[in-house]
Amino acid sequence: MKNTITIYIENKDDYTCPYNKQKLNSDLLSYILDENKGIPLKNKIDIEVHSPHPFHQNEKNNFIHILRSNLGEDIKENYLEMKLTYIKAIILFLFGLLFVLLSNINYQIIQEILLIIGWVGIWESCYIFLFDRMHTRIKIKKFKKLVNAKVKFYEKK
């Protein structure tokens, strides 16, 4: 199934950030991401740009380039976030393992405290590996769908 995100641009300069013409307007990017929220991952996405002014081919290419490069930056950011989460999980696992190994001390109270701290660290790292990354992976897939979306331009009269 195919879904369409429709964008109405009154002025050709409205789609870029007023401070950096190589960045997409933050309101427009937020709108595109909000429209993407309800679309299932299996559906293809088309983006329709309607404007009262005709876009020339170089303007169309520029719009598509800016859209894809901005979404590509978001993908890179999410990959970095996932990498840092993995590093955190590995550190938690190693600390958990260390505390479980240190729990062989002869003092009963300290032994129990170290054992609990160790198992909490191991559990938390397993939770991160098994469940936490799922949210970030879904976001990356949605960004990739938008990057690969077919962009069509229409002159609104």
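For the numbers below, each heavy atom of this structure counts, side chains included, while hydrogens, waters and symmetry mates do not.
- A 4.5 Å side-chain heavy-atom check between K144 and I140 finds at least one atom pair inside the cut-off.
- Side-chain heavy atoms closer than 4.5 Å link hydrophobic residues (I, L, V, M, F, W, Y) into clusters, and following such links, possibly through other members, connects L114 to I109.
- Checked by atom type and distance alone, the side chain of N62 never pairs as donor or acceptor with a backbone atom of N58 at under 3.5 Å.
- Here the side chains of Y31 and I5 are in contact, with some heavy-atom distance below 4.5 Å.
- Counting heavy-atom neighbours within 6.0 Å of K88 NZ, excluding the residue itself, gives a total of 12 or less.
- With a 4.5 Å cut-off on side-chain heavy atoms, L98 and L94 do not count as touching.
- Distance check: F143 CZ to L71 CG gives 6.5 Å after rounding to the nearest 0.5 Å.
- When atom types are taken as modelled, the side chain of N25 and the backbone of D14 share a donor-acceptor pair closer than 3.5 angstrom.
- Ring-plane geometry between Y86 and F129 is classed as parallel, the angle between the planes falling under 30 degrees on a 0 to 90 degree scale with a further cut at 60.
- Across all non-hydrogen atoms, the minimal contact from P54 to E155 is CB-OE1, 3.7 Å.
- A distance of 12.5 Å separates SG of C126 from CG of D132, quoted to the nearest 0.5 Å.
- Using a 4.5 Å heavy-atom threshold, the side chains of I110 and L115 count as separate.
- At distances below 3.5 Å, not a single donor-acceptor pair connects side-chain atoms of R68 with backbone N or O atoms of F63.
- Taking Y79 as the reference, nothing meets the ring pair (Phe, Tyr, Trp, His ring centres under 6.0 Å) condition, with sequence neighbours excluded.
- When the side chains of ILVMFWY residues are joined at heavy-atom separations under 4.5 Å, either directly or via intervening members, I138 and L33 end up in two distinct hydrophobic clusters.
- With a 4.5 Å cut-off between side-chain heavy atoms of Ile, Leu, Val, Met, Phe, Trp and Tyr, the cluster of L92 takes in I128.
- Residues passing the side chain to side chain contact (heavy atoms under 4.5 Å, CB included) test with E73 are K23, sequence neighbours excluded.
- Residue E77 places its CD atom among 12 or fewer non-hydrogen atoms of other residues, nucleotides or ligands, all under 6.0 Å distant.
- Ring geometry, F55 versus F153: the interplanar angle falls from 30° to 60°, so the pair is classed tilted.
- Note on I91: it does not cluster hydrophobically with I122, by side-chain heavy-atom contacts below 4.5 Å among ILVMFWY residues.
- What you find for S125 and A89 is that their closest heavy atoms are CB-O, 3.0 Å.
- P18 is linked by a side chain to side chain contact (heavy atoms under 4.5 Å, CB included) to nothing, counting only residues two or more places apart in sequence or in another chain.
- A distance of 11.0 Å separates CD1 of I64 from NZ of K150, quoted to the nearest 0.5 Å.
- I117 and Y107 fall within a single hydrophobic cluster, where Ile, Leu, Val, Met, Phe, Trp and Tyr side chains are chained together by heavy-atom contacts under 4.5 Å.
- Between the CG atom of L29 and the CD1 atom of I66 there is a distance of 12.0 Å, given to the nearest 0.5 Å.
- Checking each of D46, T4, V49 against K152 for a side-chain contact (heavy atoms from CB on, under 4.5 Å) leaves exactly one that passes, namely D46.
- Looking at S51, its side chain does come within 3.5 Å of a backbone N or O of H53 through a donor-acceptor pair.
- I7 has its side chain within reach of I32: a pair of non-hydrogen atoms, C-beta onward, lies under 4.5 Å apart.
- Proximity of H50 to T6: side-chain heavy atoms (C-beta onward) are separated by under 4.5 Å at one or more points.
- The hydrophobic cluster containing I116, built from Ile/Leu/Val/Met/Phe/Trp/Tyr side-chain heavy atoms closer than 4.5 Å, also comprises V120.
- Under the 4.5 Å side-chain heavy-atom criterion for Ile, Leu, Val, Met, Phe, Trp and Tyr, L97 and W119 are members of the same hydrophobic cluster.
- Looking at T16 and L28, their side chains never come closer than 4.5 Å, going by heavy atoms from C-beta outward.
- Between E81 and L84 the shortest side-chain heavy-atom distance does not fall below 4.5 Å.
- Every residue two or more places apart in sequence or in another chain that forms a side chain to side chain contact (heavy atoms under 4.5 Å, CB included) with N3 is listed here: I39, N43.
- Under a 3.5 Å cut-off, the side chain of K145 and the backbone N or O of K44 do not form any donor-acceptor pair.
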